[in-house]
Q: 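Got a structure for you, written out below as structure tokens; questions coming shortly.
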Amino acid sequence: MDLDLKPAPPPGAFRKLALGTWRSPRDPSAYAALEVRMERALAYLEAYRALTGRRLTVTHLVAKAAADALRQYPEANVLLRWNRPSLRRDVGVCVLVVQPAETGRADLTTATVHRADTLSLGAFVEEMESRISDVRARRDAVIERGKRRSYRIPGLFMGLALRLLSFVWFTLNVDLRWVGMPRDPFGSVAVTSLGSLGLERGYVAMVPYTRVPLLLAPGAVRRVPVVEDGVLVPGRQMALTCTWDARLLDVELIARVLRHIGATLEDPEGTWGAPTAAPGGEPRGAASGTAVG
């Protein structure tokens with residue numbers, strides 16, 4: 001049966017501009033946000049730092065909780081190849097890192113920890129901080145070599161070069177380390193801290209050539225009034241936003257992943273155990289995150 005339609009009124013000036021400006025949408029991005037109570041997480045950060053002398057941030061907690069969530073829900077740990085989903089065996093977590101300006105140019109790059117779901121929180125933090133330090137100091141030879149090569153590509157051909165690289169990296173699944181390109185450089189999930197920029201909420205754009213189908217962006221922790229036992233009290237809350245590839249992940253699965261991360265942040269001790277200093281200053285804790293429903 002034909003659709004029952006009738007002519008619409010003539011478009012106004014703005015609508016005519018809009019129709020001429022944008023094409024039909026083809027972007028598979030979908031978006032969601034979760035409000036997380038952060039009082040326990042902030043107390044956990046302070047206790048951890050005091051007992052171990054090591055830097056622990058909200059970004060670390062979100063990244064580790066995301067790795068544990070992908071272990072709990074392996075069907076969310078996917079990669080698009082030949083226009084079909086393939087399940088990953090490795091859980092890699094990528095954190096976006098700002099490199100200090102060099103010759104007047106600051107760069108945004110990545111630090112990735114693989115098998116993140118198998119690490120304790122302490123081991124994960126240590127490895128991630130080591131990766132971030134190397135990247136910020138431009139000591140990662142593979143990343144620096146790749147960036148120097150990208151600078152030589154004319155802007156007109158950058159899109160084609162990235163699509164070709166993505167095809168070889170992921171569709172053909174070719175290890176390019178022999179030509180100086182990293183192996184699986186972006187992992188399963190990417191985390192970028194909007195809170196470090198003073199932003200309360202934002203939605204991160206997908207980066208198609210990375211084939212990362214899930215991006216998380218914790219915002220700034222803010223003071224808000226909350227109701228506890230019928231009484232209005234001051235609280236601390238954070239918006240955790242999520243962008244995902246709707247071709248690979250459905251909203252019900254994303255909801256379970258986000259609830260897992262939110263539950264972990266609202267009860268970090270129940271997941272990773274109380275932070276305690278072991279001999280040598282190493283924090284003791286579970287070998288990996290406990291499943292949170």
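Just so it is clear, the model here is predicted, and its values are computed rather than measured.
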Q: Considering residues at least two apart in sequence or located in another chain, which fulfil the side-chain hydrogen bond (donor to acceptor under 3.5 Å, both in side chains) criterion with His114?
A: Asp90
Q: Please report the closest heavy-atom contact between Arg55 and His60, naming both atoms and the distance.
A: O-CE1, 3.8 Å
Q: Does atom CZ (Arg88) have a neighbourhood of more than 12 heavy atoms from anything else shown, all under 6.0 Å?
A: yes
Q: Measuring from atom CD of Gln72 to atom OG1 of Thr264, what distance do you get when rounded to the nearest 0.5 angstrom?
A: 9.5 Å
Q: For the residue pair Tyr44 and Trp272, does the interplanar ring angle fall in the parallel (under 30°), tilted (30 to 60°) or perpendicular (over 60°) class?
A: tilted
Q: Begin from the C-alpha positions of Val95 and Thr59 and carry the test side chain to side chain contact (heavy atoms under 4.5 Å, CB included) through to its verdict.
A: CA-CA 8 Å; Val95 171; Thr59 302; 4.2 Å; yes
Q: Between Trp244 and Leu214, is there a donor-acceptor pair closer than 3.5 Å when you use the side chain of the first and the backbone of the second?
A: no
Q: Give me the atom names and distance for the closest heavy-atom approach of Arg81 to Asn173.
A: NH2-CB, 3.9 Å
Q: Is there a side-chain contact between Val113 and Leu119 in this structure, where contact means two heavy atoms from C-beta onward sitting under 4.5 Å apart?
A: yes
Q: Quick one: are the ring centres of Phe167 and Trp82 less than 6.0 Å apart?
A: yes
Q: Does the side chain of Phe170 reach to within under 4.5 Å of the side chain of Asp184, using non-hydrogen atoms?
A: yes
Q: Is the backbone of Ser120 close enough, under 3.5 Å, to the side chain of Lys64 for a donor and an acceptor to pair up by distance?
A: no
Q: Would a hydrophobic clustering, with Ile, Leu, Val, Met, Phe, Trp and Tyr connected at side-chain separations under 4.5 Å, put Leu240 with Leu45?
A: yes
Q: As a test of understanding, state which of Thr110, Thr112, Asp140 forms a side chain to side chain donor-acceptor pair (under 3.5 Å) with Arg131.
A: Asp140
Q: ring-ring contact (aromatic ring centres under 6.0 Å, His included): which pairs involve residues 191-213, sequence neighbours left out?
A: Tyr31-Tyr203, Phe186-Tyr209
Q: Taking all heavy atoms of Ala220 and all of Gly198, pick out the closest pair and write down the distance.
A: CB-C, 4.5 Å
Q: Taking Asp27 for its side chain and Ser29 for its backbone only, find out whether a donor-acceptor pair lies under 3.5 Å.
A: yes
Q: Kindly give the heavy-atom pair with the smallest separation between Pro208 and Ser166, and that separation in Å.
A: O-OG, 4.4 Å
Q: Check whether Leu215 and Leu258 end up in the same hydrophobic cluster, where Ile, Leu, Val, Met, Phe, Trp and Tyr are linked by side-chain heavy atoms less than 4.5 Å apart.
A: no
Q: Where do Val257 and Ala76 come nearest, in terms of heavy atoms and distance?
A: CG2-CB, 4.0 Å
Q: Does a donor on one side chain and an acceptor on the other come within less than 3.5 Å for Arg211 and Thr171?
A: yes
Q: Take Arg247 and Arg84, measure what side chain to side chain contact (heavy atoms under 4.5 Å, CB included) needs, and give me the verdict at the end.
A: CA-CA 9 Å; Arg247 297 172 299 175; Arg84 296 178 60 185; over 6 Å; no
Q: Would you check if Pro213 and Leu80 make a side-chain contact, meaning some heavy-atom pair closer than 4.5 Å?
A: no
Q: Please check this pair: side chain of Arg49 against backbone of Leu56, looking for a donor-acceptor N/O pair closer than 3.5 Å.
A: yes
Q: Please indicate whether Arg139 has more than 12 foreign heavy atoms, meaning atoms of other residues, nucleotides or ligands, lying under 6.0 Å from its CZ.
A: yes
Q: Please confirm whether the backbone N or O of Arg115 pairs with a side-chain atom of Thr118, one donor and one acceptor, at under 3.5 Å?
A: yes
Q: Yes or no on side chain to side chain contact (heavy atoms under 4.5 Å, CB included) for Thr271 and Asp267, after CA distance, side-chain angles and deciding distance?
A: CA-CA 7 Å; Thr271 301; Asp267 184 19; 5.6 Å; no
Q: Report the distance from atom OG1 of Thr243 to atom CG of Leu216, rounding to the nearest 0.5 Å.
A: 8.5 Å
Q: Answer yes or no: is there a donor N or O on one side and an acceptor on the other, between the side chain of Arg236 and the main chain of Glu39, under 3.5 Å?
A: no
Q: Has the side chain of Thr241 got a donor or acceptor atom that lies under 3.5 Å from a matching backbone atom of Gly202?
A: yes
Q: Between Trp169 and Leu176, is the side chain to side chain contact (heavy atoms under 4.5 Å, CB included) condition met? List the steps.
A: CA-CA 7 Å; Trp169 252 338; Leu176 295 177; 3.9 Å; yes
Q: Where do Ala33 and Arg201 come nearest, in terms of heavy atoms and distance?
A: CB-NH1, 3.3 Å
Q: For residues Val98 and Val204: do they belong to one hydrophobic cluster (side chain heavy atoms under 4.5 Å, members Ile, Leu, Val, Met, Phe, Trp, Tyr)?
A: no
Q: Going by heavy atoms in the side chains, are Val191 and Pro218 under 4.5 Å from each other?
A: yes
Q: Examine distances only and state if a side-chain atom of Ser133 and a backbone atom of Glu129 form a donor-acceptor pair shorter than 3.5 Å.
A: yes
Q: Do the non-hydrogen side-chain atoms of Met238 and Leu265 ever get within less than 4.5 Å of each other?
A: yes
Q: Out of curiosity, His260 NE2 to Leu34 CG, how far, rounded to the nearest 0.5 Å?
A: 12.5 Å
Q: Nearest 0.5 Å, please: how far is CG in Leu96 from OG in Ser193?
A: 10.5 Å
Q: Quick one: does any side-chain atom of Ser130 pair with a main-chain N or O of Glu126 as donor and acceptor, under 3.5 Å?
A: no
Q: Once side chain to side chain contact (heavy atoms under 4.5 Å, CB included) is applied, do any residues pair with Glu266, and if so which ones, sequence neighbours excluded?
A: Val36, Arg37
Q: Does Ser188 use its side chain to pair, donor to acceptor, with the backbone of Gly92 at less than 3.5 Å?
A: yes
Q: Hydrophobic clustering (ILVMFWY, side-chain heavy atoms < 4.5 Å, transitive) - are Met206 and Leu194 grouped together?
A: no
Q: Using the rule that Ile, Leu, Val, Met, Phe, Trp and Tyr join whenever any side-chain heavy atoms are under 4.5 Å apart, tell me whether Ile254 and Val189 fall into a single cluster.
A: yes
Q: With rounding to the nearest 0.5 Å, note down the distance linking OH in Tyr48 to CG in Leu61.
A: 9.5 Å
